[in-house]
Amino acid sequence: MASEVLLLIGPAGAGKGTQADALAARKRLTKLSTGDMLRSHVARGSQLGVAAKSYVDAGDLVPDDLIVDMVRDQVSGMEEVRVLLDGFPRTPAQAEALDAMLAEFQARMTAVVLLEVPEEELVQRLLQRARDEGRSDDNEETIRNRMEVYRTSTRPLIDFYRDRGLLHAVDGVGEVDAVTKRIEGALV
Ligand code: AMP
């Protein structure tokens with residue numbers, strides 16, 4: 001199989017994690033979710049987890065170098081890079097580091113899916129997730145901060161990938177299966 005690198009980008013609550021699970025299974029890609037990895041490090045109390053915890057709890061971004069090293073650890077063990085990226089890159093510096101990393105492993109970004117959901121619905125979804133899952137960063141103050149961080153740090157990536165002709169904007173409102181079909185339709 002050829003290498004393939006898909007990226008799901010969008011604000012917190014857009015459904016990246018759910019859609020990443022569905023797409024990774026269908027396209028036989030390994031899901032790499034930096035949020036999941038960080039939560040696992042925090043739960044284990046690893047050195048990285050200890051360093052990252054205060055950022056995650058506040059809804060701030062964990063420093064780029066820690067994130068890039070964490071992703072590199074995963075990618076470097078792969079015979080062939082076939083990944084679905086969920087929540088990484090989140091800053092222009094991470095995007096540059098990812099490009100360099102992919103080139104090193106003879107791979108390149110295949111496509112980027114932007115999941116679009118109105119901000120009011122995002123907040124409602126995240127507050128519901130707080131009730132269902134009890135994630136420590138799903139409280140109203142942190143949610144607001146994550147939206148702001150997305151606007152200032154992550155949104156510039158949309159133009160970065162659009163300029164390269166890689167961006168596919170998909171409406172993220174509706175049933176999970178319907179959104180998955182929309183994404184698949186955008187990628188063919
Ligand atoms: P997520 O599960 O993707 O919403 O991520 C949860 C939290 O983990 C974020 O609010 C950040 O604190 C941290 N995080 C996840 N991915 C990154 C990343 N690529 N860069 C910096 N921080 C991240």
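Sequence positions, counted from 1, serve as the residue numbers for this chain. Ligands are counted one by one from 1 in listed order, and the atoms in each one are counted from 1 as well.
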Task: Identified side-chain contact (heavy atoms from CB on, under 4.5 Å) counterpart of L85 within the set I9, L98, V75 - done: L98

Which of the atoms of ligand 1 are close to [X], meaning less than 4.0 Å from one of its heavy atoms?
X: D137; answer: 6 (C)
X: V56; answer: 8 (O), 12 (O)
X: Q94; answer: 18 (C), 19 (N), 20 (N), 21 (C)
X: D60; answer: 11 (C), 12 (O)

Task: Nearest non-hydrogen protein atom, atom 22 (N) of ligand 1 - done: V62 N, 3.1 Å

Test of proximity, [X] against ligand 1: N or O pairs below 3.5 Å:
X: T34; value: yes
X: R39; value: yes
X: F88; value: no
X: L38; value: no

As an exercise, state the distance from [atom1] of [X] to [atom2] of [Y], rounded to the nearest 0.5 Å.
X: N139; Y: L126; atom1: CG; atom2: CG; value: 10.5 Å
X: D86; Y: L115; atom1: CG; atom2: CG; value: 9.5 Å
X: D137; Y: D60; atom1: CG; atom2: CG; value: 11.0 Å

TODO: Verify, without hydrogens or angle tests, whether T34 (side chain) and G87 (backbone) share a donor-acceptor contact under 3.5 angstrom.
DONE: yes

TODO: Compute the minimum heavy-atom distance from R135 to ligand 1 and say whether it is under 4.0 Å.
DONE: yes

Open item on the list: If the threshold is 4.0 Å, N to carboxylate O, is there a salt bridge linking R164 and D99?
Closed with: yes

Task: Pair R151 + E148: basic N to acidic O under 4.0 Å - done: yes

Task: Option with minimal heavy-atom separation from atom 4 (O) of ligand 1, where the choices are K16, R90, K53 - done: R90

Task: salt bridge (Lys or Arg N to Asp or Glu O under 4.0 Å) partner of D138, chosen from R125, R144, R129 - done: R129

Open item on the list: Please classify the I67 to ligand 1 contact at 4.0 Å (heavy-atom distances, strictly less than): side chain, backbone, both or neither.
Closed with: side chain

